[in-house]
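Just below is one structure, and these are the notes that go with it.
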Amino acid sequence: MRLKRGQGMASIAWGAGGGPPAYATVRMNPDGTIDVLTGSQDLGTGARTVLAQIAAEAIGASIADVRTVLGDTERLPYTSNSWGSQTTASVGPAVRMAAEDARAKLLDAASAMLDASADSLEARQSIVRVRDDHDRGVTFAQIGERLGDIMILGQGSRGPNPDNTAMSAFGAQFAEVEVDVETGRVRVLRLVAAHDSGRIINPRLAESQLEGGILQGIGFALFEERVLDETLGLPLNPTMHDYKIPTLSDVPRIEAFFVPGADTVANHTGAKGLAEPPIIGVAPAIANAVADALGVEVLELPLTPWRVLDALSAAEKTG
């Protein structure tokens with residue numbers, strides 16, 4: 001039979017609980033809008049949106065009123081590098097602490113305006129109201145206008161991780177493949193991925209990272225290879241014409257989801273890192289599926305047709 005099918009799986013554990021140092025400032029402007037200030041970066045993963053969401057929830061603001069200002073490590077509060085699936089889990093807790101600090105000052109200012117104790121107030125959707133009398137309220141903009149030149153600032157920092165505790169993101173990925181034993185071509189038919197990434201703050205962004213990581217993993221497994229001149233060390237396939245990545249025709253059916261739950265041991269936002277884990281398990285799951293289909297392991301990536309045929313040929317000679 002020319003076409004053979006196989007299934008394989010791989011499991012993932014990746015240190016993604018974040019950690020210090022990370023600092024943040026949350027500033028309430030006179031017009032009632034909120035600025036989140038931190039020196040982190042957004043590499044395209046949605047850090048601006050996620051940090052704004054964390055601040056909005058903690059201070060009680062409408063998300064439309066919150067802006068994240070980041071990327072300037074000279075003028076903004078210090079954070080560590082944006083790498084290793086660490087940004088949300090590292091900077092998020094600092095932002096939350098800063099927002100809670102600003103919220104306490106905001107309610108203190110509103111208490112005098114509403115003739116009520118700060119403990120009796122609540123903030124939601126950029127409005128401070130008396131908890132038991134919602135007809136008595138004041139907007140963030142009205143508070144800012146009354147304060148004039150007095151600005152509310154909240155400061156926050158990322159605390160240390162607990163001792164003797166490993167904080168990881170986990171996942172399991174499954175692949176179904178079809179292998180042409182005459183050409184050596186591997187086609188991925190289906191990928192299923194289940195991930196524990198703690199609290200998912202923005203489901204749409206998280207799902208995009210999950211599917212995007214899986215697509216990168218397919219490229220790593222089947223196509224992407226840097227070919228070097230062994231003498232000069234120069235790349236022989238330096239352009240996108242020769243360095244192959246998956247195209248639409250290579251994308252299989254993908255079923256990816258998150259295991260619900262918040263890891264408050266990792267940090268008090270409950271979130272863990274997500275960027276790398278979706279990539280990690282794809283290639284070994286595909287390789288295991290190919291081995292299941294052929295009864296032969298291909299031990300080098302990517303699983304190009306000639307490597308598959310070489311593995312089959314070697315098995316025939318030794319078998």
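No experiment lies behind these values; they were computed from the predicted model shown.
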request  = Could you please spell out the steps behind the salt bridge (Lys or Arg N to Asp or Glu O under 4.0 Å) verdict for Asp196 and Lys272?
outcome  = CA-CA 8 Å; Asp196 168 16; Lys272 295 189 289 190; 3.4 Å; yes
request  = Apply the test salt bridge (Lys or Arg N to Asp or Glu O under 4.0 Å) to residues Asp263 and Arg199: give CA-CA distance (whole Å), side-chain angles for both, the deciding distance (0.1 Å), then the verdict.
outcome  = CA-CA 7 Å; Asp263 190 344; Arg199 174 175 286 121; over 6 Å; no
inquiry  = Let's go through Arg27 and Ile34 carefully: what are the C-alpha distance in whole Å and the side-chain angles of both, what is the deciding distance for side chain to side chain contact (heavy atoms under 4.5 Å, CB included) to 0.1 Å, and is it a yes or a no?
reply    = CA-CA 6 Å; Arg27 176 179 67 199; Ile34 307 294; over 6 Å; no
task = Mind running side chain to side chain contact (heavy atoms under 4.5 Å, CB included) on Arg103 and Leu107 for me, showing each step along the way?
result = CA-CA 6 Å; Arg103 181 178 179 274; Leu107 297 184; 3.7 Å; yes
query = Passes side chain to side chain contact (heavy atoms under 4.5 Å, CB included), Thr45 versus Leu205? Steps please.
reply = CA-CA 7 Å; Thr45 55; Leu205 287 174; over 6 Å; no
key: CA sep, side-chain torsions, deciding dist, call: Asp65, Thr33, side-chain hydrogen bond (donor to acceptor under 3.5 Å, both in side chains)   = CA-CA 5 Å; Asp65 293 333; Thr33 59; over 6 Å; no
task = Run the numbers on Arg307 and Asp310 for salt bridge (Lys or Arg N to Asp or Glu O under 4.0 Å), then give the verdict.
result = CA-CA 5 Å; Arg307 289 195 175 104; Asp310 285 346; over 6 Å; no
inquiry  = Run Thr38 and Ser40 through side-chain hydrogen bond (donor to acceptor under 3.5 Å, both in side chains) and show every step you take.
reply    = CA-CA 6 Å; Thr38 184; Ser40 188; 5.7 Å; no
message = With side chain to side chain contact (heavy atoms under 4.5 Å, CB included) as the criterion, how do Val188 and Val251 come out once you've worked through the C-alpha distance, each side chain's angles and the decisive distance to 0.1 Å?
response = CA-CA 8 Å; Val188 182; Val251 178; over 6 Å; no
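A salt bridge does not link Lys105 with Asp108: every distance from a Lys NZ or Arg NE/NH1/NH2 to an Asp or Glu carboxylate oxygen is 4.0 Å or more. A salt bridge links Arg67 and Asp35; the closest N-O separation between the charged side-chain nitrogens and carboxylate oxygens is under 4.0 Å. Between Glu255 and Arg190 there is a salt bridge, since at least one side-chain N of the basic residue sits less than 4.0 Å from a carboxylate O of the acidic one.
Environment of CZ in Arg204: sparse, with no more than 12 heavy atoms of neighbouring residues, nucleotides or ligands closer than 6.0 Å. With a 6.0 Å radius and a threshold of 12 heavy atoms from other residues, nucleotides or ligands, Gln155 has its CD atom above the threshold. Within 6.0 Å of OH on Tyr23 lie no more than 12 heavy atoms contributed by other residues, nucleotides or ligands. More than 12 heavy atoms of other residues, nucleotides or ligands sit less than 6.0 Å from atom CG of Asp229. Dense packing is recorded around CD of Glu178, with more than 12 heavy atoms of other residues, nucleotides or ligands lying under 6.0 Å away.
Note: the hydrophobic cluster containing Met28 does not contain Leu37 (ILVMFWY, side chain heavy atoms under 4.5 Å, direct or indirect links). Hydrophobic clustering of Ile, Leu, Val, Met, Phe, Trp and Tyr side chains at less than 4.5 Å, counting indirect connections, keeps Tyr243 apart from Trp306. Under the 4.5 Å side-chain heavy-atom criterion for Ile, Leu, Val, Met, Phe, Trp and Tyr, Met167 and Val91 are members of distinct hydrophobic clusters. In the hydrophobic cluster analysis, where Ile, Leu, Val, Met, Phe, Trp and Tyr join through side-chain heavy atoms closer than 4.5 angstrom, Ile59 is grouped apart from Ile127. Cluster membership check: Ile143 shares its hydrophobic cluster with Ile150, using side-chain heavy-atom separations under 4.5 Å among Ile, Leu, Val, Met, Phe, Trp and Tyr.
How far CG of Leu189 is from CZ of Arg5: 5.0 Å, rounded to the nearest 0.5 Å. With rounding to the nearest 0.5 angstrom, the CD1 atom of Ile218 is 8.0 Å from the CG atom of Asp250. Here the CD1 atom belonging to Ile279 is positioned 9.5 Å from the CZ atom belonging to Phe220, to the nearest 0.5 angstrom. Note that the OG1 atom of Thr88 and the CD atom of Gln53 stand 10.0 Å from one another [nearest 0.5 Å]. Expressed to the nearest 0.5 Å, how far CE of Met9 lies from CG of Asp292 amounts to 13.0 Å. To the nearest 0.5 Å, atoms OG (Ser62) and CD (Gln125) are separated by 5.0 Å.
Within the 3.5 Å criterion, the main-chain N or O of Ala104 finds no donor-acceptor partner in the side chain of Asp101. Here the side chain of Ser85 pairs a donor or acceptor atom with the backbone of Glu276 at under 3.5 angstrom. Formation of a donor-acceptor pair under 3.5 Å by the Asn29 side chain with backbone atoms of Asp31 is not found in this model. Counting only distance, with no hydrogens or angles, the side chain of Arg136 and the backbone of Leu114 share a donor-acceptor pair below 3.5 Å. No side-chain donor-acceptor contact under 3.5 Å links Arg187 to the backbone of Asp180. A distance-only check finds no donor-acceptor pair linking the side chain of Ser126 to the backbone of Phe140 [under 3.5 Å]. A side-chain donor-acceptor contact under 3.5 Å links Asn237 to the backbone of Glu225. Without hydrogens or angle criteria, Ser168 side chain to Phe170 main chain gives no donor-acceptor distance under 3.5 Å. Within the 3.5 Å criterion, the main-chain N or O of Arg48 finds a donor-acceptor partner in the side chain of Asp42. Here the side chain of Thr165 pairs a donor or acceptor atom with the backbone of Asp163 at under 3.5 angstrom.
At least one side-chain heavy atom of Leu121 sits less than 4.5 Å from a side-chain heavy atom of Ser111. A 4.5 Å side-chain heavy-atom check between Leu43 and Ser82 finds at least one atom pair inside the cut-off. With contacts defined as side-chain heavy-atom distances shorter than 4.5 Å, the pair Arg158/His268 does not qualify. Between Ser120 and Asp132 the shortest side-chain heavy-atom distance does not fall below 4.5 Å. Side-chain contact check for His195 versus Ile12: some heavy-atom pair is nearer than 4.5 Å. Annotation: side chain of Leu147 is in contact with side chain of Ile152 (closest heavy-atom distance under 4.5 Å). Between Ile200 and Phe258, some side-chain heavy-atom pair lies under the 4.5 Å cut-off. When side chains are defined from C-beta on, Trp14 counts as touching Pro277, because their heavy atoms get closer than 4.5 Å.
When all heavy atoms of Gln173 and Ala193 are compared, the closest pair comes out as CG-CB, 3.6 Å. Closest heavy-atom contact between Ala55 and Val36: CB-CG2, 3.4 Å. Residues Gly273 and Ala169 come closest through the heavy atom pair O-CB, 3.7 Å. When all heavy atoms of Leu76 and Gly71 are compared, the closest pair comes out as CD1-N, 4.1 Å. Scanning all heavy atoms of the two residues, the minimum distance from Ala94 to Ala22 falls at CB-O, 3.5 Å. When all heavy atoms of Ala293 and Gly6 are compared, the pair lying nearest together is CB-N, 3.6 Å.
Residues passing the side chain to side chain donor-acceptor pair (under 3.5 Å) test with Arg124: none are found, sequence neighbours excluded.
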